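Below: the structure, in structure tokens.
In this text, all values refer to a predicted model and were calculated from it rather than measured experimentally. What's counted below: heavy atoms across the whole structure, side chains too, no hydrogens, waters or symmetry copies. Letters go in sequence order (proteins before strands), and every chain restarts at 1.
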Amino acid sequence: MGKKPQNRDNDAISRICRVLAEVPPGRVITYGDLAEMAGFPRAARLAGQLLRRLPEESSLPWHRVVNASGRISLPEPGAGQQRERLEREGVVFIGGRLDLGQYRWQP
DNA sequence: GAAGTGACTCCTC
DNA sequence: CGAGGAGCCACTT
């Protein structure tokens, strides 16, 4: 049975979505960690591209994804909306950035 | 199949 | 601490 390593296109999305769905409220995850956890180390951009295509009806906590600097990527007006959602979950932004050491979700 | 793109990350100045 | 550049990976066209 010769078979391909894996169907990346659709599989990657499924895995990343699953990981993202596991992120609890009040916590955040970086693009790099999200991709790595999904099985794509160093593919931080992949997570970003995926979220960009993700519809709002996705029910996924896309707002819990921030960059490695503890800052919100995603240009306005998305940034304001994401920050608002995170603040509602108890995340505090200091100087426009949050404390990854405190909110970064790690299994 | 090749080239372009991006909600990134790390290193250096 | 902030800005800039190079590197990386997978998806899209």
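Here the C1' atom of nucleotide B/dT9 and the CG atom of A/L34 are 14 Å apart, to the nearest Å. The separation between A/Q82 atom CD and B/dA7 atom C1' is 8 Å, rounded to whole Å. One can place CZ of A/R85 at 18 Å from P of B/dA7, the figure rounded to the nearest angstrom. Rounded to a whole Å, the CD1 atom of A/I16 is 11 Å from the C1' atom of C/dC11. Atom CZ of A/F40 and atom P of C/dC11 are 6 Å apart (whole Å).
Atom CG of residue A/L51 and atom CG of residue A/L20 lie 6.5 Å apart, to the nearest 0.5 angstrom.
With contacts defined as side-chain heavy-atom distances shorter than 4.5 Å, the pair A/I72/A/F93 qualifies. A/M37 places a side-chain heavy atom less than 4.5 Å from the side chain of A/P107. Using a 4.5 Å heavy-atom threshold, the side chains of A/V66 and A/L100 count as touching.
Within the structure, side-chain hydrogen bond (donor to acceptor under 3.5 Å, both in side chains) contacts touching residues 48-60 of chain A (residues at least two apart or in different chains) do not occur. The list of side-chain hydrogen bond (donor to acceptor under 3.5 Å, both in side chains) pairs with a residue in residues 73-87 of chain A, not counting sequence neighbours, reads A/N67-A/S73. Listed by first and then second residue, the salt bridge (charged side-chain N to carboxylate O under 4.0 Å, His left out) pairs that reach into residues 98-107 of chain A are A/D33-A/R104, sequence neighbours excluded.
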Inset, instruction - Using the side-chain contact (heavy atoms from CB on, under 4.5 Å) rule, take A/V28 and A/L86 through it: C-alpha gap first, then chi angles, then the decisive distance, then the call. - result: CA-CA 9 Å; A/V28 298; A/L86 286 173; 3.9 Å; yes
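Of the residues in residues 49-57 of chain A, those with a non-hydrogen atom less than 4.0 angstrom from any atom of DNA chain C are A/Q49, A/R53. Contacts between residues 67-80 of chain A and DNA chain B, defined by a heavy-atom separation below 4.0 Å, involve A/N67, A/A68, A/S73, A/L74, listed by number. Listed by residue number, there are no residues of residues 86-105 of chain A with a heavy-atom contact under 4.0 Å to DNA chain B.
When each of A/G32 and A/L46 is assigned the nucleotide of DNA chain B bearing its nearest heavy atom, the one mapping closer to the 5' terminus is A/L46.
Remark: side-chain polar atoms of A/R64 are paired, donor with acceptor, to backbone N or O of A/V23 under 3.5 angstrom.
Tracing side-chain contacts under 4.5 Å through hydrophobic residues (I, L, V, M, F, W, Y), one reaches A/V19 starting from A/L60; they form part of the same cluster.
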Would you list the protein and nucleotides 11-13 of chain B atom pairs, both N or O, that sit under 3.5 Å from each other?
none

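Every residue two or more places apart in sequence or in another chain was checked for a side chain to side chain donor-acceptor pair (under 3.5 Å) with A/E36, and none qualifies. Listed by chain and number, the residues in a side-chain contact (heavy atoms from CB on, under 4.5 Å) with A/I16 are A/L34, A/A38, A/L46, A/L50 (sequence neighbours excluded). Taking A/R27 as the reference, nothing meets the side chain to side chain donor-acceptor pair (under 3.5 Å) condition, with sequence neighbours excluded.
Considering only side-chain atoms of A/R42, the nucleotide from C/dC11, C/dC9, B/dA7 that sits closest is C/dC9.
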